[in-house]
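One-based numbering, in listed order, for ligands and for the atoms of each.
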Amino acid sequence: MNKSEIIDGKKLSGEIRLQLKVQAEKFEKEFGRKIGLAVVLVGENAASKIYVANKIKACEEVGLKSFAYYLPETAEKNEILELVDTLNADKNVDGILIQLPLPDKSFEKEVLARVSPDKDVDGFHAVNAGNLLLGNDNLSACTPSGVIELIKSTGCKISGKHAVVLGRSNIVGKPAAMLLLQNDATVTICHSKTEHLSDITSQADILVVAIGKKEFVKKDMVKKGAIVIDVGMNRENGKLYGDVAFDEVSQKASYITPVPGGVGPMTITMLMNNTIKAAMSGKR
Ligand code: NAP
């Protein structure tokens, strides 16, 4: 029985971070300061705390300066917006990341929209999402950018291939589909209302799965020899599971990302990449 090659996101991420470190050093030499990333965490969400800690660690690794802001669970919307305004105006801050979810989800839209598009290193602002749609240079969402790098690392071409994206969220599914289209794939987007889902996914040369359902994609939903990228992160009893049933799908795919150790590390690396890009853009 064939076994897939595992796409090692940790290794790829390490290689890219080495290149980013060189760029960050060059910036520091030229402009006399480190590139800065501000990370805002509101509340006590345990998973968010881990993500923020990992982002701060990545900044140290790449040679960026991190500014961490911890606001209490009870922070009012205006308090968060004021902090964003301050960070927008701060010349030492090149990128701003608002760790989601906010304790009060109803704040999210307004808070994200307040981040200056030039500092929107998550790529969530409508200006950056719009530029992605138009094919303009932009700060693209980190996870989808990481997905593209992982696919490219296989050496297989994307152009002309049928890519199926399972999930249509604004932060993963839609931007991933746009980036695949930019890379000349023929793209199908599936979601919870899609009929005959297996028929579609099993036609995919490249299958990107981002639905948040533990091991949802089984072997019979995958084309033999497909590249399978598993974005899912589902925590159960302290263990992390992907959206793809790795053991069985890896018998059929040609390449597959593991969870953990696939898309996750690349997301943070693309955040570092976007922060350097924002700093170098000289837009401010
Ligand atoms: P989301 O906002 O909840 O979106 C889920 C998408 O999946 C929706 O478009 C939904 O369709 C679709 N969906 C749900 N159940 C489905 C089903 N049974 N069949 C087909 N489609 C289905 O999630 P997200 O933010 O995109 O995240 C997706 C997963 O990726 C989560 O596990 C998340 O933790 C993970 N993630 C990982 C990273 C990373 O760095 N590794 C980053 C971000 C997210 P509808 O639109 O019709 O509801």
For [atom], what's the nearest protein heavy-atom neighbour? Residue, atom name and distance, please.
{"atom": "atom 43 (C) of ligand 1", "value": "Val172 CG2, 3.7 Å"}
{"atom": "atom 25 (O) of ligand 1", "value": "Ile171 CD1, 3.5 Å"}
{"atom": "atom 34 (O) of ligand 1", "value": "Met233 O, 3.4 Å"}
{"atom": "atom 46 (O) of ligand 1", "value": "Arg168 NE, 2.7 Å"}
{"atom": "atom 15 (N) of ligand 1", "value": "Lys213 NZ, 3.0 Å"}
{"atom": "atom 40 (O) of ligand 1", "value": "Thr267 OG1, 2.8 Å"}
{"atom": "atom 29 (C) of ligand 1", "value": "Gly212 N, 3.5 Å"}
{"atom": "atom 30 (O) of ligand 1", "value": "Val231 O, 3.5 Å"}

Considering distance alone, does some N or O of Asp243 sit under 3.5 Å from an N or O of ligand 1?
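Looking only at distances, the answer is no, because the N/O contact criterion of under 3.5 Å is not met.
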Just checking [X]: does its [atom1] atom have more than 12 heavy atoms from other residues, nucleotides or ligands closer to it than 6.0 angstrom?
{"X": "Lys214", "atom1": "NZ", "value": "yes"}
{"X": "Glu73", "atom1": "CD", "value": "yes"}
{"X": "Lys11", "atom1": "NZ", "value": "no"}

Atom 21 (N) of ligand 1: which of Lys174, Met266, Lys214, His191 has the nearest heavy atom?
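It is His191 that holds the nearest heavy atom.
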With atom 10 (C) of ligand 1 as the reference point, say which of Gly242, Ser192, Pro260 has the nearest heavy atom.
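Among Gly242, Ser192, Pro260, the closest heavy atom to atom 10 (C) of ligand 1 comes from Ser192.
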Run through Val42, Asn45, Asp122, Leu41 and flag the one making a side chain to side chain contact (heavy atoms under 4.5 Å, CB included) with Gln99.
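Of the listed residues Val42, Asn45, Asp122, Leu41, the side chain to side chain contact (heavy atoms under 4.5 Å, CB included) partner of Gln99 is Leu41.
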Verify whether one side chain among Thr143 and Thr267 offers a donor that lies under 3.5 Å from an acceptor in the other.
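Present: a donor and an acceptor within the cut-off.
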Determine whether the side chains of Asn131 and Asn138 contain a donor N or O and an acceptor N or O closer than 3.5 Å.
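The criterion, which ignores hydrogens and geometry beyond distance, is not satisfied for Asn138 and Asn131.
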Name the one of Glu82, Glu108, Glu110 that satisfies side chain to side chain donor-acceptor pair (under 3.5 Å) with Lys77?
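Exactly one candidate clears the test, Glu110.
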Residue among Asp205, Thr186, Thr188 satisfying side chain to side chain donor-acceptor pair (under 3.5 Å) with His162
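Only one option passes, and that is Thr188.
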According to a hydrophobic-cluster definition based on side-chain heavy atoms being under 4.5 Å apart (Ile, Leu, Val, Met, Phe, Trp, Tyr only), do Leu112 and Val40 belong together?
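Hydrophobic grouping puts Leu112 with Val40.
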Going by the atom numbers of ligand 1, which of them fall below 4.0 Å from some non-hydrogen atom of [X]?
{"X": "Gly167", "result": "6 (C), 7 (O), 9 (O)"}
{"X": "Val263", "result": "41 (N)"}
{"X": "Asn234", "result": "32 (O)"}

Using a distance threshold of 4.0 Å (strictly less than), state whether atom 3 (O) of ligand 1 has a protein heavy-atom neighbour.
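When distances to the protein are checked, atom 3 (O) of ligand 1 has no heavy atom within 4.0 Å.
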Check whether Ser66 reaches the backbone of Cys59 with its side chain - one donor and one acceptor, N or O, closer than 3.5 Å.
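The answer is no, because no donor-acceptor pair under 3.5 Å joins these two groups.
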Quick check on [X] - does any of its heavy atoms sit under 4.0 Å from an atom of ligand 1?
{"X": "Ala210", "answer": "yes"}
{"X": "Thr143", "answer": "yes"}
{"X": "Gly264", "answer": "yes"}

Should the pair Lys49 and Tyr51 be classed as cation-pi, given the thresholds of under 6.0 Å to the six-membered ring centre and 45° from the axis?
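Cation-pi check for Lys49 and Tyr51: fails.
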